[in-house]
Amino acid sequence: MSLVSQKQVRRGAIRIEDAVKIYDPEGAHILAVDHCSFAVAPGEICMLLGPSGCGKTSLLNAIAGFHRLDGGAIYLDDEMLCGPGRRAAAIGPDRIVVFQNGALFPWKTALENVAFGPVVQGRLSKPEAFARARQLMADAGLGGHEDAYPGQISSGLRRRVEIVRALLNDPAVLLLDEPYRALDALTRSVMHEALLDTHARTGVTIIFITHDIEEAVFLGHRVVVMTARPCRPKRIFDIDLPRPRDIGIVASKRFRELTAEIAGTLDAEALKSFARGEKEGHAA
Amino acid sequence: MNAVARRRAPMPRLALTWFRLGAWLRSPKPCLALAGYALLLGFWYLSVEVFKLPRFAGMPGLTSVFHEWTSRNPTYGISLYIPVYWVHILVSLRRIGIAFLLATALGVPTGLMLGWSRAFKEYVFPLFEILRPIPILAWVPLAIIMLPGSELPVIYLTFLASFFATALNTMLGVRSIDNSYILAAGCLGASSLQTFRHVIIPGALPFIFTGLQISVGVAWFSLVAAEMVSGQFGLGYLINTSYTSVEYPTIVIAMLTLGIVGYLSSAMVRLAGHWLMAWRVPQLVTDGRR
């Protein structure tokens, strides 16, 4: 995978094989994910792009272990997370989800939030974890906000603190479920650059759900365009824009070509989904 | 936004309490409160002692009540200078204290379990829903038959209403917690016991304290009801005996005393809530409710 940064990254490969997820509310079988297969390389930023309610979140939740698959398997670095005989992956700090609406604990300060993982896992003592957390927050440009409660800082800062909280656990994969959806456009572009910066420093694999084409092209090594429900990859785009990327790149010719091409692929799916009147968000 | 972001360190709790008290004193609220009191007392004074309205004739007037209350030698035997008055208050407070602590100590864990464990809820909640609507007064005979002495039935009745209020609100508190917090704790490697301690308990705290506020309220309500039928001391008992022996000013003294102690007890619960939930203050302030 030549597109991935040159840094030596070995862990964080995700392989999804023939994943099937069926929801069964009131006996109506709804096929959310249908024989979906694709792989994510270690250190890759893989953008899952699809119409609202297409089942992207179901896939992400299955990787995280929040719910079971009804068929197929998911592997992390060739180790089966879930598959035949084991329908749900264990929830654990090797795959950390950053939620759409944010899930920093409001009753803990930013620092306590960031230090939470290693402390509950018993990996670090409290003072060690706090020192590491302070360090990592400073590296991410979040110094000075350690003692604030989440309610005291802006939503953009909260998202960044949440990503730092995940990184302190040294996860193999970060799973981001439209984390910037609720932010305004200006804050969002700041978030994008911060995320790319974080990725350049850590080389963590990122699977990122979005329905914003520009966001997908700006951040991703690859963009996986998903079909409307049932969800499976329709087409995978390699984003051959140079790195490091900054906001200027959105004006480049290649960026516009890619977004136009992806938009064309996505449009048909969006129409299908719209015609069915899908509910936004976690419809499935 | 920046001003909020820059005020990093949450104020130490004591400073926060002082700050709120100061802000309250500087606002027009104390004056309005005084005006409200003056209005009520004025109505009382005018209707009973000045205009002597028909149905108000038998009522003790404002001046006679306050004269009695502050007299060293009260006509009906109860005033600030009479030790028995304080005994009544202390006995009631002691009952409230025991019942409220017991209701909290049992109600909060019960509520947490009801919200947290599906199996526990399946067993216990139907029972809960049958027992909860039974009015406290309906429990009086059974309480007296079941429990020895006069003290235990009163405490039991006071406890009962508080317990249900606390447990129910705690359960709702647990169920109000956004599922993402629980999933996030799991992702970060927390065991279910750790999730319980770090997410469920603090997450339910706002509802728990709403429950405790209601709980002190209903505790006083059922205490007075219970003291009217049983017991030898207490403010409810005082009201009842003063009624039978036609000592009307004493009734009003006991009522006002109940109002004051009741207010102080719920203010203490509120203060404890602010103390434990300092994290909520900035959020509530930015939301514009406090």
Side-chain angles (χ1 to χ4, degrees), chain A residues 61 63-67 90-123 142-158 162 165-166 168-171 173-175 177 187 282, chain B residues 1-13 15-16 19 173-174 176-209 273-290:
Chain A
N61 285 346
I63 301 173
F66 295 162
H67 58 217
I91 300 175
D94 52 346
R95 291 149 286 132
I96 297 186
V97 176
V98 175
F99 293 86
Q100 203 174 78
N101 296 315
L104 282 183
F105 306 128
W107 44 86
K108 291 184 184 290
T109 63
L111 193 69
E112 287 167 346
N113 263 290
V114 174
F116 183 78
V119 172
V120 291
Q121 293 160 37
R123 257 194 320 117
L142 294 168
H145 296 290
E146 291 89 348
D147 296 326
Y149 285 104
Q152 285 172 298
I153 57 180
S154 68
S155 46
L157 279 173
R158 284 204 286 273
E162 198 170 345
R165 175 173 79 171
L168 191 60
N169 299 281
D170 200 16
V173 190
L174 272 188
L175 304 166
D177 185 1
T187 313
H282 304 272
Chain B
M1 176 210 102
N2 244 343
V4 178
R6 218 169 284 138
R7 202 199 303 139
R8 278 156 208 148
M11 276 193 256
R13 284 164 184 164
L16 189 71
F19 170 77
V174 175
S176 77
I177 298 170
D178 188 336
N179 199 35
S180 328
Y181 295 138
I182 297 165
L183 294 176
C187 271
L188 296 168
S191 65
S192 49
L193 205 66
Q194 286 168 326
T195 304
F196 191 75
R197 167 157 145 48
H198 291 285
V199 179
I200 302 299
I201 294 178
L205 221 47
F207 274 69
I208 293 179
F209 270 90
H274 291 321
W275 209 264
L276 280 174
M277 294 182 291
W279 57 272
R280 280 190 91 214
V281 176
Q283 212 170 11
L284 296 184
V285 170
T286 40
D287 287 358
R289 57 209 173 90
R290 189 150 51 131

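So that the names make sense, note that chain A is the first sequence line, chain B the second, and so on, each numbered from 1. On a predicted model such as this, the values are computed, not experimentally measured, just so you know.
Using a 4.5 Å heavy-atom threshold, the side chains of A:Phe116 and B:His198 count as touching. Looking at heavy atoms from C-beta onward, B:Leu188 lies out of side-chain contact with A:Pro93 at the 4.5 angstrom threshold. Residues A:Phe99 and B:Leu183 are in side-chain contact: their nearest non-hydrogen atoms beyond the backbone lie under 4.5 Å apart. A:Phe105 places a side-chain heavy atom less than 4.5 Å from the side chain of B:Val199. A:Pro106 has its side chain within reach of B:Tyr181: a pair of non-hydrogen atoms, C-beta onward, lies under 4.5 Å apart.
For chain B, the nearby parts of A:Arg165 are the backbone and the side chain; heavy atoms of each come within less than 4.5 Å. Only the backbone of A:Leu104 comes within contact range of chain B, with at least one heavy atom under 4.5 Å from a heavy atom of that chain.
Between A:Ile91 and B:Cys187, the shortest heavy-atom contact is CG2-N, 3.5 Å.
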